[in-house]
Amino acid sequence: MIRDALSKGTIYGLLFVGGGLMLLPFFWMLSTSLKTPNEVMLMPPRWFPAHAEWQNYVKAFQMAPFGRYLVNSVIVTVLSTLGELITTLLAAYAFSRLAFWGRDVLFSLLLGTMMVPGEVLLVPNYVTLSKLGWIDRYEALILPWTASVFAIFLLRQHFLSVPKELSYAARVDGAGDFRFLREVMVPITRPALVTIVLLKTIGSWNAFLWPLIVTNSREMRTLPVGLTAFTTEAGTAYELLMAAAAFVILPMIILFLMLQRHIVEGLSRAGIKG
Amino acid sequence: MEKPTLTSTLKALLYLAPALAVLITFTVYPILQSLLLSFYADYDYFRDIVYRYGLDNYRFLLQDPDFHLALRNTAIFVLGVVPASIALSLAVAFLLNSRIRLRAFFRTVYFIPTVTSIVAVAIVWRWIFHSDYGLMNYVLSLFGISPIHWLTDPKWALPSLILFSIWKSLGYNIVLFLAGLASIPETYHQAARIDQASAWSRFWHITFPLLSPTTFFVSIVSIIGAFKVFDEVYALFGGSPGPLKSALTLVYYIYLKFYREQDYAVASAAAYVLFLITFVFTLIQLYIGKKRVHY
């Protein structure tokens, strides 16, 4: 449609300029992360470092316990994703395949909670976790995030689209609900499950406000929290700061580049919040 | 589905138990508890005793200049980010939708900021906004513009935050618009072309109206998201709400009351004000959205 109004060259030109602006901060991060301290402060700036200072990454890693932050981030991301996957599979199955009293009321109630911003939950959840003595522990970082109404809703939609006849056939063959869920529903809805897992992984890896609040000690920080603390620790050493930012940013970009089809399609299908 | 029985209900409960345990403890209970907390007028927090309930916390918010500032800043932020982000992402989505080669490549490029940590890219932008050695001021200097103190001048704090947030939000909106554009049947355009409608009039009379449900949805989602801005502020201004609180937003206010001042009751009241604001937009989406925007 727009091809008639603008020439092909103009379209490409605009897209390249726009795309360049989108990527420029990442390029600048990588370029700065490989410069010497003197090069960083050059004006006019140098687009590429004279030679790559890979040492900066080692230095940044030694200046703050980034190894520990990384381990924490991986533990929190893996366990909360796994937890959400399990609770979601079971609950979505119940809401789509099992008959029980109060099902519709319960489902509407849960959907209703999606309207409430997460910030409303901060104070009571903090208090609950303090009472349990879980502040500054993995429990606080993981447990509240092991179930999601949005994920249950999304998977239930997919489960509902699986023909009922399959359940009947399985029952005739003597398969119970759990076996049916594991051996039929899970393989059939795999693309949806992959989307749910990916969105959760990205969300969990990037989460900031909650880990900021429930961690006190350095040892419990996740990467984003550790990184913001590092901005004061690194002072004006922007080359180290950019190297540290790259640790946090690159894993998700790589994951996205490998599996983008699932993420983009899942988002456009689900549409609702990320 | 069959009629529910006692046995089938018990069985379903078994399947629901893990999710419900988490959701009741960490979602349903806190929603109610923080509503209650927002009405605590006189209380001994550590002994868990409430002497009196009342509207004191809300009254406090009405009078607190910081809260007014937070509301104002958040409103400016929403107005600064949402229309610009929608216009730009719509434009990019149109360009991408023109059946060009490299479409998937460009979509990937524009989407990359969306999957990255807000905090981490904000720190990169902090460096770009640096008043002496930042890329931004260097580029401006090529046009003869003297250095701007992006993050340290109270006048420029919000514009910097807005600029960064537009960049961050484009990818997600582009993906939603592309999905919306893909759902418009090609036949309308073919018919219009036969009638020799110009590209411009086809855009205004066909694409734009048919895309309106998507535009509406993207607007509401963006507005609600923008009202909750926090990570961006924290990371861009190094754990402060900007110079002279010039980038103090609603959620930042909640964070300060809750975490720095331990004033849980006021924090809860402020959180409920946020809920009220986002709820209005949710209602608009639910009711007006369904009636008006379909063709």
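Numbered from 1 within each chain, the chains take letters A, B, ... in sequence-line order.
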Under the side chain to side chain contact (heavy atoms under 4.5 Å, CB included) rule, what do Tyr12(A) and Leu102(B) come out as? Steps first, then yes or no, please.
CA-CA 9 Å; Tyr12(A) 277 116; Leu102(B) 295 177; 4.1 Å; yes
Would you check, one step at a time, whether the test side chain to side chain contact (heavy atoms under 4.5 Å, CB included) holds for Phe26(B) with Thr146(A)?
CA-CA 10 Å; Phe26(B) 295 111; Thr146(A) 50; over 6 Å; no
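At a cut-off of 3.5 Å, with distance as the only test, a side-chain donor of Trp127(B) or Thr32(A) sits close to an acceptor on the other residue.
Arg126(B) contributes atom CZ, which lies 9.0 Å from atom CE of Met242(A) (distance to the nearest 0.5 angstrom). The structure places CG of Leu13(B) at 7.5 Å from CZ of Phe100(A), a figure rounded to the nearest 0.5 Å. Note that CG of Leu121(A) and CD of Gln33(B) are 12.0 Å apart. Values are rounded to the nearest 0.5 Å. The CD1 atom of Ile152(A) sits 5.5 Å away from atom CG of Leu23(B), with the distance rounded to the nearest 0.5 Å. With rounding to the nearest 0.5 angstrom, the OH atom of Tyr238(A) is 11.5 Å from the CD1 atom of Ile128(B).
Residue Arg101(B) touches chain A through both its backbone and its side chain, counting heavy-atom pairs closer than 4.5 Å. Looking at Trp125(B), only its side chain comes within 4.5 Å of chain A, counting heavy atoms on both sides. Looking at Ser34(B), the atoms closer than 4.5 Å to chain A (heavy atoms on both sides) sit in the backbone and in the side chain alike. Residue contact with chain B, scored on non-hydrogen atoms closer than 4.5 Å, is absent for Phe247(A). At a 4.5 Å heavy-atom cutoff, the contact between Leu122(A) and chain B is made by backbone and side-chain atoms alike. Contact annotation for Leu109(A): neither backbone nor side-chain heavy atoms come within less than 4.5 Å of a heavy atom of chain B. Heavy atoms closer than 4.5 Å to chain A are found nowhere in Thr7(B), neither backbone nor side chain. Contacts between Glu119(A) and chain B at a heavy-atom distance below 4.5 Å involve backbone atoms as well as side-chain atoms. Only the side chain of Thr128(A) comes within contact range of chain B, with heavy atoms under 4.5 Å apart. For Phe230(B), the part sitting under 4.5 Å from any heavy atom of chain A is the side chain, from C-beta outward, and nothing else. Proximity to chain B (any heavy atom under 4.5 Å) is restricted, for Ile202(A), to the side chain, taken from C-beta onward.
The two atoms that bring Tyr110(B) and Leu14(A) nearest to each other are OH-O, 4.1 Å, heavy atoms only.
Ring to ring, Phe256(A) and Phe111(B) are close: their centroids are under 6.0 angstrom apart.
Identified under the salt bridge (Lys or Arg N to Asp or Glu O under 4.0 Å) test for residues 8-18 of chain B, with sequence neighbours left out: Asp177(A)-Lys11(B).
The shortest distance between side-chain heavy atoms of Phe26(A) and Thr116(B) falls below 4.5 Å.
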